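Below: one structure, written as structure tokens.
So that the names make sense, note that chain A is the first sequence line, chain B the second, and so on, each numbered from 1. If you're wondering where the values come from, they're calculated on a predicted model, not measured in any experiment.
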Amino acid sequence: MNVHTSPEAETVARILGEAARRHFCTPASIEALSRQSGGASRQTWSFDAVVNGERHALILRRDPPAQGKTERERSVTIDRATEFRVLRAAHEAGVRAPEPLFELTPQDGLGEAYVMRRVGGIAIARKLLRDAPYEAARGRIAGQLGEILARIHATDTGTLPPLPRREAADHIAELRRSLDALGQPQPVFELALTWLDRRRPAPLDRPVLVHGDYRTGNYLVDETGVTTILDWELAHLGDPVEDLGWLCVKSWRFGAIDRPAGGFGSREELWAAYEHAGGGKVDPVRAHWWEVFGTAHWGIICLNQAWKHLSGSIKSMEHASIGRRAVETEVDLLQLLKQGA
Amino acid sequence: MAQDRPTAAELLAAIADFLREEATPALDRTEPRLGFQMRVAVNSLAILEREARLGPAADAREHERLVGLLGREATLEELNRELARQLRGGERDETDAALMAHLDATIADKIVIANPKWR
């Protein structure tokens, strides 16, 4: 069995053992605890809880206390307790989302944290797009993503915790605030935001649950296709087409540029599966608007990631280097604006 | 005062080559997580090498175009600030052919430095 080596891992294992005992109402032994991806602030840990000889494969999602989130992260991400409730609502509505099991309490001392079931599959786009075991899955992913998204959007909003409502105009204002805070003049992003502002779609009478970060890299795939949708921290209420547009942003194709639906299929294939599964009819003009928006959004996120390093909130070469990826979206924006609409 | 050779670009290229060809494979064997970080670093060095080589001429071209577009002399930063202000206010937009030619040329120069493989 894995031994928890670092003092932090020792502490996490001890607290998880106690919390798992409360949840399962019987002693639980914590095994194979290991820290997965994630920075200092938003952590993911994988572990097994062995309860009465039964092994439960689990994930801990955790924001340690007093770790610096930037102003922007605080304003756009939901807290872990809200994320837990969104996951529960989505899971109960039949969405392929991880099943949330229990929350930790402030007295546990792990910060905002909850435990969910671990699902098999990988998220690494490079492997999914090229490796042999995913050959059959590759042909299914675009359609599956359309079906699952229709289900997410059909989640009864009455079962959700209070979520921010974010319409096109709010998003544009938020990106302009970001540019102002960064301080460097950005003509291409300004051009795109004005283009978007002039054409912004009318708010819906009935906003739906929007995942907010529905893209390749944020879902798991095994040999059969998509197993689960991850990363719900940007969930909000708004326009369902936002998720369809974001999935088609060129940055999530990882080189498979002729397959807009996350690198795995055409827009039409994605939309047909979405509509067939009960999602509303997709208006191509609206979808194009959200794809342009998503492209500008990702570019400005790149600038913000670099700013986390430059402002000293975290010291990270990786974050710094992401700033130089913003120009990729400027190339894409100029192409997209020439396509009109 | 001019420095002796290697030029900045030549020295950056030499460092990037060394890290890519010798240091990264050794790291991959012992510390894969650091191997990944090293690839990010090598990629950034390659950006700096291209910037040292191509950046000054690209900036000069951008400056010259902006002076023509905005009809006044100022620093590159000031001119971009003025252009950004006009674009946010909608005084210029994508229907302005001279503007679009300028942005196309600027972004073409920028992507050749940041990521020449992007398309």
inquiry  = Which atoms of B/Arg85 are under 4.5 Å from chain A, going by heavy atoms: the side chain, the backbone, both sets, or neither?
reply    = neither

A/Leu193 portion near chain B, given a 4.5 angstrom heavy-atom threshold = neither

ask   = Is the side chain of A/Arg199 donor-acceptor paired with the backbone N or O of A/Trp195 at a distance under 3.5 Å, no angle test?
value = yes

ask   = Side chain, backbone, both or neither: which part of A/Ser316 has an atom under 4.5 Å from a heavy atom of chain B?
value = neither

inquiry  = Is any side-chain heavy atom of B/Leu66 closer than 4.5 Å to one of B/Glu73?
reply    = no

task = Would you confirm whether the ring centroid of A/His319 sits within less than 6.0 angstrom of the ring centroid of A/Trp307?
result = no

Portion of B/Glu51 that has a non-hydrogen atom of chain A nearer than 4.5 angstrom = side chain

task = Against chain A, label B/Asp104 side chain, backbone, both or neither, depending on which of its atoms sit under 4.5 Å from a heavy atom there.
result = both

request  = State whether the side chain of A/Thr216 and the backbone N or O of A/Ala125 hold a donor-acceptor pair below 3.5 Å, judged by distance alone.
outcome  = no

request  = Before accepting this row, confirm whether a basic side-chain N of the pair A/Arg200/A/Asp170 lies closer than 4.0 Å to the acidic partner's carboxylate O.
outcome  = no

query = So which part of B/Leu83 gets closer than 4.5 Å to some heavy atom of chain A, the side chain, the backbone, both or neither?
reply = side chain

ask   = Given that the side chain runs from C-beta out, which part of B/Ile111 has a heavy atom under 4.5 Å from chain A: side chain, backbone, both or neither?
value = both

query = Who among A/Arg325, A/Glu318, A/Gln186 has the most heavy-atom pairs with chain B under 4.5 Å?
reply = A/Glu318

query = So which part of B/Ala108 gets closer than 4.5 Å to some heavy atom of chain A, the side chain, the backbone, both or neither?
reply = neither

note = Bottom line for B/Glu77: the part with an atom under 4.5 Å from chain A's heavy atoms is both

message = Please classify the contact of A/Arg198 with chain B as side chain, backbone, both or neither, using a heavy-atom distance under 4.5 Å.
response = side chain

query = By a 4.5 Å heavy-atom criterion (distance strictly below it), what part of B/Asn115 contacts chain A: side chain, backbone, both, or neither?
reply = side chain

